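All remarks here apply to the structure that follows.
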Amino acid sequence: MAILVLGGAGYIGSHTVYELIEAGRDVVVADNLLTGFREAVHPKARFYQLDIRDRGALDTLFQAEQIDGVIHFAASSQVGESMSNPLKYYDNNLYGTMVLLQAMTAHGVDKIVFSSTAATYGEPERVPILEDDRTVPTNCYGETKLSMERMMSWTSRAHGLRYVALRYFNACGAHPSGTIGEAHDPETHLIPLILQVPGGKREKISIFGDDYSTPDGTCIRDYIHVTDLAQAHILALDYLLHGGENNVFNLGNGVGFSVKQVIDVARKVTGHPIPAEICPRRAGDPAQLVASSEKAKSVLGWKPEYDSLETIVSSAWNWHKSHPNGYNT
Ligand code: UFG
């Protein structure tokens with residue numbers, strides 16, 4: 001029996017496939033390669049190039065493979081783009097998930113772990129954020145992810161599907177081997193953008209606002225290593241395989257770092273001065289997002305290994321140094 005990883009050529013998906021293969025699992029990867037990279041797919045995984053909105057392609061896959069459970073990363077994930085092109089998010093994230101659930105139901109595949117996000121909470125009522133805190137997304141990306149959670153819940157009631165939604169905080173870092181890492185085009189995330197300065201691709205890093213109500217005035221986020229996220233997916237899948245009920249888990253380190261602190265860590269790790277410039281706030285950024293991941297720890301037995309920001313930034317730097325143009329090098 002195999003595990004199907006949808007979006008397994010993307011950033012978090014490719015790292016999860018590496019951990020699954022390392023754990024001796026049989027893995028099938030499907031990805032439309034619009035934002036993912038064929039080179040990121042582990043050579044031991046069986047690969048299908050398909051779009052989850054293509055029901056015929058999903059039917060062919062489910063007929064050809066014995067799928068025990070699905071891990072679903074195949075979605076659009078840029079907050080800014082979701083505001084300028086919301087219907088793309090409804091199409092890829094919601095319609096895509098609907099077609100996937102129809103195919104799973106038809107083929108009797110009833111377990112799914114999928115990427116949700118801290119963006120489902122919107123502006124948090126308090127930090128650290130707990131799973132049953134209010135969810136009022138402030139962008140269309142978070143809205144579609146919350147709707148995906150609800151789609152799973154209704155499908156579960158009707159058809160017996162069981163699901164785990166994993167709400168990630170700020171995914172970062174790269175595989176310790178340096179073989180795979182973060183490669184987005186355009187890049188919008190803080191750590192890879194900072195590392196473009198010592199990498200010689202950018203002169204300085206912009207700090208989006210230093211007038212937030214935080215100790216140094218810059219936004220605070222909870223940075224979690226991609227390999228720790230990958231491990232959580234495997235634990236969540238095993239939880240479902242062992243009969244676990246529908247559930248939602250936050251995944252973060254539970255420690256917040258400000259934008260200025262992240263830049264300082266990158267200066268230390270790279271030995272580069274990394275000039276920074278204060279710029280206006282970016283629309284829609286909450287001042288602080290920090291997870292309580294106690295539930296994932298107690299229910300799934302999750303133990304993040306990369307709890308030092310220095311180690312996280314070092315692993316990212318290792319990848320970017322050896323792949324200055326991502327997978328196109
Ligand atoms: N930032 C800068 N300068 C930059 C880029 C980012 O100051 O050049 C700041 C942002 O304003 C923010 C912090 O760095 O305060 C982190 O920004 P990212 O874009 O790296 O990450 P976000 O916190 O905005 O978003 C991440 C994921 C989203 C997810 C969200 C959930 O990328 O997919 O967390 O909170 F929705």
Side-chain angles (χ1 to χ4, degrees), residues 7 10-13 35 73 75-83 86 89 92-93 114-124 127-129 133 135-149 165-173 182-184 186-197 199 201-226 229 250-253 256-266 274-291 293 309 312-313 316:
Y11 174 42
I12 306 172
T35 55
F73 298 96
S76 300
S77 63
Q78 289 177 33
V79 171
E81 182 190 53
S82 79
M83 299 302 278
Y89 282 69
N92 197 20
N93 297 3
F114 74 103
S115 317
S116 188
T117 170
T120 53
Y121 295 107
E123 190 70 49
V127 288
I129 301 171
D133 283 355
T135 44
V136 188
T138 52
N139 55 61
C140 184
Y141 166 65
E143 180 70 36
T144 57
K145 288 285 177 168
L146 188 60
S147 300
M148 279 166 66
E149 292 188 8
L166 298 175
R167 292 180 179 161
Y168 318 148
F169 282 62
N170 288 61
C172 52
E182 190 166 9
H184 296 120
E187 188 51 79
T188 60
H189 296 107
L190 180 64
I191 293 176
L193 286 175
I194 294 174
L195 294 175
Q196 286 181 0
V197 182
K201 301 183 88 183
R202 170 181 296 272
E203 278 182 14
K204 57 190 174 201
I205 182 73
S206 303
I207 297 177
F208 296 147
D210 70 347
D211 56 351
Y212 286 94
S213 57
T214 59
D216 67 15
T218 65
C219 287
I220 291 178
R221 295 286 180 275
D222 184 337
Y223 294 89
I224 179 76
H225 195 279
V226 64
L229 290 181
N250 286 339
L251 298 177
N253 266 316
F257 289 93
S258 73
V259 174
K260 283 186 176 171
Q261 286 176 314
V262 178
I263 298 170
D264 277 339
V265 168
I274 312 185
E277 176 184 45
I278 307 298
C279 296
R281 288 183 178 199
R282 188 174 68 175
D285 272 343
Q288 278 200 59
L289 289 173
V290 178
S293 301
L309 189 59
I312 292 176
V313 173

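None of these values were measured; they are calculated from a predicted model. Numbering of ligands and ligand atoms starts at 1, following listing order.
- At a 3.5 angstrom cut-off on N or O pairs, Y223 does not count as close to ligand 1.
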Discussion item. Show, in sequence, the C-alpha distance, side-chain angles and deciding distance for L146 and R167, and conclude whether the side chain to side chain contact (heavy atoms under 4.5 Å, CB included) test is met.
Written reply: CA-CA 10 Å; L146 188 60; R167 292 180 179 161; 4.1 Å; yes
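- Counting heavy atoms closer than 4.0 Å to ligand 1, residue V79 contributes side-chain atoms (C-beta onward) but none from N, CA, C or O.
- Of the polar atoms of Y168, none of the N or O atoms is found under 3.5 Å from an N or O of ligand 1, judged by distance alone.
- No side-chain N or O of Y141 forms a donor-acceptor pair with one of E81 less than 3.5 Å apart.
- Contacts between S77 and ligand 1, counted as non-hydrogen atom pairs separated by less than 4.0 Å, involve the backbone only.
- Counting heavy atoms under 4.0 Å from ligand 1, residue V259 touches it through the side chain alone.
- Of the residues listed (D264, I278, T218, D285), the one engaging V259 in a side chain to side chain contact (heavy atoms under 4.5 Å, CB included) is T218, and it is the only one.
- A distance of 6.0 Å separates OH in Y89 from OG in S77, rounded to the nearest 0.5 Å.
- Protein heavy atom nearest atom 20 (O) of ligand 1, with residue, atom name and distance: L190 N, 2.8 Å.
- Proximity of Y141 to ligand 1, defined as any heavy-atom pair under 4.0 Å, is confined to the side chain (atoms from C-beta onward).
- Each of the atoms 35 (O) of ligand 1 lies under 4.0 Å from some heavy atom of L289.
- When heavy-atom distances to ligand 1 are checked against a 4.0 Å cut-off, N139 has no atom that comes that close, whether in backbone or side chain.
- When heavy-atom distances to ligand 1 are checked against a 4.0 Å cut-off, H189 comes that close through both its backbone and its side chain.
- Nearest non-hydrogen protein atom to atom 11 (O) of ligand 1 is D285 OD2, 2.5 Å.
- Listed by atom number, the atoms of ligand 1 under 4.0 Å from A118 heavy atoms are 31 (C), 35 (O).
- Atom 7 (O) of ligand 1 has F208 N, 2.9 Å as its closest protein atom, hydrogens excluded (heavy atom only).
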Worksheet entry | side chain to side chain contact (heavy atoms under 4.5 Å, CB included) between T120 and T117, intermediate numbers included | CA-CA 6 Å; T120 53; T117 170; 4.1 Å; yes
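- Applying the 4.0 Å criterion to heavy atoms of R282 picks out, from ligand 1, the atoms 6 (C), 10 (C), 11 (O), 12 (C), 17 (O), 18 (P), 19 (O), 22 (P), 24 (O).
- Close approach of ligand 1 to T117 is summarised as follows: ligand atoms under 4.0 Å from at least one heavy atom of the residue are 29 (C), 31 (C), 36 (F).
- Summary of contacts: the protein heavy atom closest to atom 25 (O) of ligand 1 is N170 ND2, 4.0 Å.
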